[in-house]
Amino acid sequence: TREAGGVVYAGLPRALHATSEYQLLENSSFWTGYSEYRQNPLWSSYRLGLEEKGIPAGRISYFKSDSRVRNPVSHSDFAKTGFDRGHLAPNSGIATRYGEVGQLETFVMSNVCPQAPDLNRKLWETIERLEDDKWANSLGEVYVIAGPIFDETRQFLPAKKRGDIEIPDAFFKVIVDETSTDARMLAFLIPQTVTGKERPDQFLVSVDEIERRAGLDLFPALSDERENRLEAHAATELFPVN
């Protein structure tokens with residue numbers, strides 16, 4: 001189940017609908033599936049082992065456009081829209097495992113979505129800290145896949161230059177802890193309307209629900225037996241930490 005550059009768990013996500021088809025973008029620290037239809041990444045997948053690299057000095061303030069896509073989104077396209085440039089593959093978790101090269105890779109526009117500030121700066125950051133500081137270090141490693149959820153009513157960032165950058169309605173994140181004999185998953189589905197004061201465990205759902213909403217089969221290499229066992233039910237509590 002470990003493949004695809006060591007950063008994707010159980011196979012590349014499979015698009016279930018035409019609107020969830022994507023272009024694969026390979027980085028050294030994470031891989032991304034990018035949608036020209038949405039002008040958003042549909043997923044970014046990464047592996048966090050034990051912290052070892054140390055965070056490079058200073059946080060990067062500018063996101064580069066990605067020349068690998070047909071119509072690259074620019075840093076300025078998000079300016080004065082009321083939305084943050086929300087990382088899927090995170091700055092800190094990647095920097096502390098993959099160093100400065102990895103950190104720079106996360107600051108590319110193909111790795112970010114329009115994210116409400118109260119989500120990006122509060123609840124999403126809380127989960128990033130848990131997966132980075134707590135779970136990866138306590139469990140030895142975790143695999144993570146994160147992405148946006150879009151409903152049938154399309155809304156776009158207000159912009160002078162372009163109007164094709166879609167605003168997600170929610171975000172998902174699935175964290176996988178694989179042992180020598182089994183695996184377990186935490187699946188979060190979080191709407192953009194959160195205040196940021198909520199607890200992460202309020203948003204635990206089944207992987208099946210995320211796949212239905214995202215239009216993706218997230219772990220296609222799992223056997224039917226393991227898929228049914230791991231994906232059908234929501235976790236009832238977060239992973240414990242030492």
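Residue numbers run from 1 in the order of the sequence given.
- Note on Arg97 versus Asp132: salt bridge recorded, some NZ/NE/NH1/NH2 to OD/OE distance being below 4.0 Å.
- Taking the six-membered ring where the residue is Trp, Phe239 and Trp135 present perpendicular rings, their angle passing 60° and hence far from 30°.
- The existence of a salt bridge linking Arg85 and Asp77 is excluded, since no basic side-chain nitrogen approaches an acidic carboxylate oxygen closer than 4.0 Å.
- Lys134 pairs by the side-chain contact (heavy atoms from CB on, under 4.5 Å) definition with Leu130, Val241, not counting sequence neighbours.
- Under the side-chain hydrogen bond (donor to acceptor under 3.5 Å, both in side chains) criterion, His233 pairs with no residue at all, not counting sequence neighbours.
- When every heavy atom of Gln39 is checked against every heavy atom of Val73, the shortest pair comes out as OE1-CG2, 3.7 Å.
- Using a 4.5 Å heavy-atom threshold, the side chains of Ser35 and Leu42 count as touching.
- Listed by chain and residue number, nothing satisfies the side-chain hydrogen bond (donor to acceptor under 3.5 Å, both in side chains) test with Asp169 (two or more places apart in sequence, or in another chain).
- A cation-pi arrangement is present between Arg154 and Tyr37 under the rule of less than 6.0 angstrom and at most 45 degrees off the ring axis.
- With sequence neighbours excluded, the residues that form a side-chain contact (heavy atoms from CB on, under 4.5 Å) with Arg121 are Asp84, Pro117.
- By the 4.5 Å heavy-atom criterion applied to side chains, Ile175 and Lys173 are counted as neighbours.
- Legend: residues meeting side-chain hydrogen bond (donor to acceptor under 3.5 Å, both in side chains) with Glu26, ordered by chain and number and at least two apart, are absent.
- A donor-acceptor pair shorter than 3.5 Å can be found between the side chains of Gln103 and Asn91.
- Neither side chain, Ser74 nor Ser65, offers a donor N or O lying under 3.5 Å from an acceptor on the other.
- By the 4.5 Å heavy-atom criterion applied to side chains, Glu225 and Ser223 are counted as neighbours.
- Applying the ring pair (Phe, Tyr, Trp, His ring centres under 6.0 Å) rule to Phe172 yields no partners; only residues at least two apart in sequence or on another chain are considered.
- Annotation: side chain of Tyr34 is in contact with side chain of Val69 (closest heavy-atom distance under 4.5 Å).
- Note that the CG atom of Leu25 and the OG atom of Ser44 stand 8.5 Å from one another [nearest 0.5 Å].
- Taking Asp66 as the reference, Arg68, Ser110 meet the side-chain hydrogen bond (donor to acceptor under 3.5 Å, both in side chains) condition, with sequence neighbours excluded.
- By the 4.5 Å heavy-atom criterion applied to side chains, Ile165 and Arg162 are counted as neighbours.
- For the pair Phe219/Pro13, no side-chain contact is recorded, criterion being any heavy-atom separation below 4.5 Å from C-beta on.
- Here the straight-line distance linking atom NZ of Lys122 with atom CD1 of Ile127 works out to 14.5 Å at 0.5 Å rounding.
- Leu24 CG to Leu12 CG: the interatomic distance, rounded to the nearest 0.5 Å, is 5.5 Å.
- Pairs passing the ring-ring contact (aromatic ring centres under 6.0 Å, His included) check and including a residue from residues 103-134, sequence neighbours excluded, read Phe63-Phe107, His87-Phe107, Trp124-Phe171.
- Checking Ser29 against Glu105 by side-chain atom types alone, a donor-acceptor pair falls below 3.5 Å.
- Screening residues 13-25 for salt bridge (charged side-chain N to carboxylate O under 4.0 Å, His left out) gives Arg14-Asp217 as the qualifying pairs, with residues at least two apart or on separate chains.
- The shortest side-chain heavy-atom distance between Asn120 and Glu125 does not fall under the 4.5 Å cut-off.
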Show me the donor-acceptor pairs, under 3.5 Å and distance only, between side chains in residues 206-216 and residues at least two apart or in other chains.
residue : atom : partner : partner atom : Å
Ser206  : OG   : Glu209  : N            : 3.1
Glu211  : OE2  : Leu218  : N            : 2.8

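- Considering only heavy atoms from C-beta on, Phe30 comes within 4.5 Å of Asn111 through its side chain.
- Take Glu36 and apply the salt bridge (charged side-chain N to carboxylate O under 4.0 Å, His left out) test, not counting sequence neighbours, and it matches no residue.
- Partners of Asp133 according to the salt bridge (charged side-chain N to carboxylate O under 4.0 Å, His left out) rule, which considers only residues two or more places apart in sequence or in another chain, do not exist here.
- For the pair Arg184 and Glu178, the salt-bridge criterion is not met [side-chain N within less than 4.0 Å of a carboxylate O].
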Go through the steps for Tyr46 and Trp31 under the test ring-ring contact (aromatic ring centres under 6.0 Å, His included), then give the verdict. CA-CA 7 Å; Tyr46 51 98; Trp31 285 13; over 10 Å; no

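- Gln192 places a side-chain N or O within donor-acceptor distance of the main-chain N or O of Ala116, the cut-off being under 3.5 Å.
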